[in-house]
Amino acid sequence: MSNNKYKVLIIEDEQNINNLLDTLMQANGYQTIIATSCGSGLMMYASHRPDIVILDLGLPDKDGIAFLTEIRKTDFTPVIVLSARSDEKDKVEALNLGANDYVTKPFGSEELVARVRSALRTALYQAHDSELPTGRFQSGDLLIDYEARRVFIGSDEIKLTQTEYNIVDLLSRHPGKMLTYSFIVKEVWGYNDAGSTKRLQVNMANIRKKFGVKPGKKSYIINELGVGYRMCDDNE
């Protein structure tokens with residue numbers, strides 16, 4: 001049965017965190033591969049071909065960004081950055097270079113496992129021509145019918161503008177992944193200028209209002225201030 005488990009490559013040089021991640025992943029049914037530097041991580045990646053990577057940035061030989069940059073030349077294997085760096089610039093750089101998610105230390109074990117599951121589900125969807133099998137996306141009461149370009153919450157249809165729909169559509173095709181402002185702007189409008197982020201934020205405020213999102217309540221779209229937006233998947 002172990003050969004059927006997802007393989008998780010953990011690249012982390014702090015032994016206590018390494019042990020914690022190893023135990024946590026195995027307890028949730030994953031097979032683990034351990035590396036403690038960028039160089040050994042690249043070797044382990046090439047020889048074991050993991051299904052997902054948990055990557056620290058502060059490695060002893062090279063920055064973890066070097067690992068991410070190298071594998072993104074050829075592969076789209078999900079990478080979750082797990083780092084003590086909480087600066088907005090570090091998060092944006094990692095996400096723009098191809099990280100699927102960014103988790104800051106200290107981290108919650110349940111949250112990290114949920115993000116690993118989400119990243120693996122997203123990779124599975126993308127392996128099938130980036131389309132969900134039914135042509136629909138659902139998260140809780142939110143339902144998106146891609147063919148009809150219609151959005152529902154429960155039995156109520158939500159009337160979105162073309163731009164608002166395009167934003168929701170884009171986020172839903174990457175469930176669980178944090179998409180940066182610049183990525184969303186480029187995909188939706190095709191260009192990025194000084195007012196692009198503000199334009200996106202205005203559209204998102206309208207979307208959240210139409211979705212009936214109230215302050216302090218769980219919403220379908222999570223905003224990480226200064227970074228971007230993430231569509232919740234069905235298990236959040």
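Every value quoted in this text rests on a predicted model; they were computed, and no experiment measured them. Sequential numbering from 1 along the given sequence is applied to the chain's residues.
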Restricting to non-hydrogen atoms, name the atom on [X] and the atom on [Y] that form the minimum distance, rounded to 0.1 Å.
{"X": "A66", "Y": "C38", "answer": "CB-SG, 4.1 Å"}
{"X": "R230", "Y": "G176", "answer": "CD-O, 3.0 Å"}
{"X": "T77", "Y": "N100", "answer": "O-OD1, 4.1 Å"}
{"X": "F137", "Y": "S172", "answer": "CD1-O, 3.6 Å"}
{"X": "A35", "Y": "L9", "answer": "CB-CD1, 4.3 Å"}
{"X": "V185", "Y": "S196", "answer": "CG1-CB, 3.5 Å"}

Hey, could you give me the [atom1]/[atom2] distance between [X] and [Y], rounded to the nearest 0.5 Å?
{"X": "N28", "Y": "E110", "atom1": "CG", "atom2": "CD", "answer": "9.0 Å"}
{"X": "I10", "Y": "M25", "atom1": "CD1", "atom2": "CE", "answer": "6.5 Å"}
{"X": "T32", "Y": "N18", "atom1": "OG1", "atom2": "CG", "answer": "9.0 Å"}
{"X": "S118", "Y": "M178", "atom1": "OG", "atom2": "CE", "answer": "11.0 Å"}
{"X": "N203", "Y": "T161", "atom1": "CG", "atom2": "OG1", "answer": "6.0 Å"}
{"X": "S109", "Y": "L21", "atom1": "OG", "atom2": "CG", "answer": "8.5 Å"}

Quiz item: Do the charged groups of R136 and D145 touch, with an N to O distance under 4.0 Å?
Solution: yes

Exercise. Taking only Lys NZ, Arg NE, NH1 and NH2, and the carboxylate oxygens of Asp or Glu, determine whether E12 and K105 approach each other closer than 4.0 Å.
Key: yes

Please confirm whether the backbone N or O of [Y] pairs with a side-chain atom of [X], one donor and one acceptor, at under 3.5 Å?
{"X": "E164", "Y": "N166", "result": "no"}
{"X": "Y45", "Y": "P50", "result": "no"}
{"X": "T23", "Y": "N19", "result": "yes"}
{"X": "D61", "Y": "G39", "result": "yes"}

Is there a side-chain contact between [X] and [Y] in this structure, where contact means two heavy atoms from C-beta onward sitting under 4.5 Å apart?
{"X": "M204", "Y": "L171", "result": "yes"}
{"X": "L82", "Y": "D56", "result": "no"}
{"X": "T180", "Y": "K91", "result": "no"}
{"X": "I11", "Y": "M44", "result": "no"}
{"X": "F211", "Y": "V168", "result": "yes"}
{"X": "S83", "Y": "D90", "result": "no"}
{"X": "R72", "Y": "V79", "result": "yes"}

Quiz prompt | Contacts of type ring-ring contact (aromatic ring centres under 6.0 Å, His included), residue Y30, not counting sequence neighbours | solution = none

Self-check item: Listed partners of F183 passing ring-ring contact (aromatic ring centres under 6.0 Å, His included), at least two apart
Solution: none

Quiz prompt | Row check, Y146 ring normal vs R173 NZ/CZ: under 6.0 Å, within 45° | solution = yes

Self-check item: Candidate pair R149 and D169, rule salt bridge (Lys or Arg N to Asp or Glu O under 4.0 Å), full reasoning
Solution: CA-CA 9 Å; R149 290 178 64 87; D169 177 280; 5.5 Å; no

Quiz prompt | Audit row: R115, E111, salt bridge (Lys or Arg N to Asp or Glu O under 4.0 Å) steps and yes/no | solution = CA-CA 6 Å; R115 295 203 183 204; E111 178 188 359; 2.7 Å; yes

Quiz item: Hey, mind stepping through M231 and L142 against side chain to side chain contact (heavy atoms under 4.5 Å, CB included) and telling me if it holds?
Solution: CA-CA 11 Å; M231 176 71 78; L142 174 65; 4.0 Å; yes

Quiz item: Regarding N223 and R208, is there a side-chain donor-to-acceptor distance under 3.5 Å anywhere?
Solution: no

State yes or no: do [X] and [Y] share one hydrophobic cluster built from I, L, V, M, F, W and Y residues joined by side-chain heavy-atom distances below 4.5 Å, directly or via other members?
{"X": "L68", "Y": "V92", "answer": "no"}
{"X": "L95", "Y": "L170", "answer": "no"}
{"X": "L143", "Y": "I221", "answer": "no"}
{"X": "V81", "Y": "I71", "answer": "yes"}
{"X": "Y102", "Y": "F107", "answer": "no"}

Exercise. Step through the shown structure and confirm whether more than 12 heavy atoms of other residues, nucleotides or ligands are within 6.0 Å of NZ on K210.
Key: yes

For residues 150-157, which side-chain donor-acceptor pairs fall under 3.5 Å, sequence neighbours excluded?
unit_1: R150; atom_1: NE; unit_2: E157; atom_2: OE1; d: 3.4
unit_1: R150; atom_1: NE; unit_2: E157; atom_2: OE2; d: 3.1
unit_1: R150; atom_1: NH2; unit_2: E157; atom_2: OE1; d: 2.8

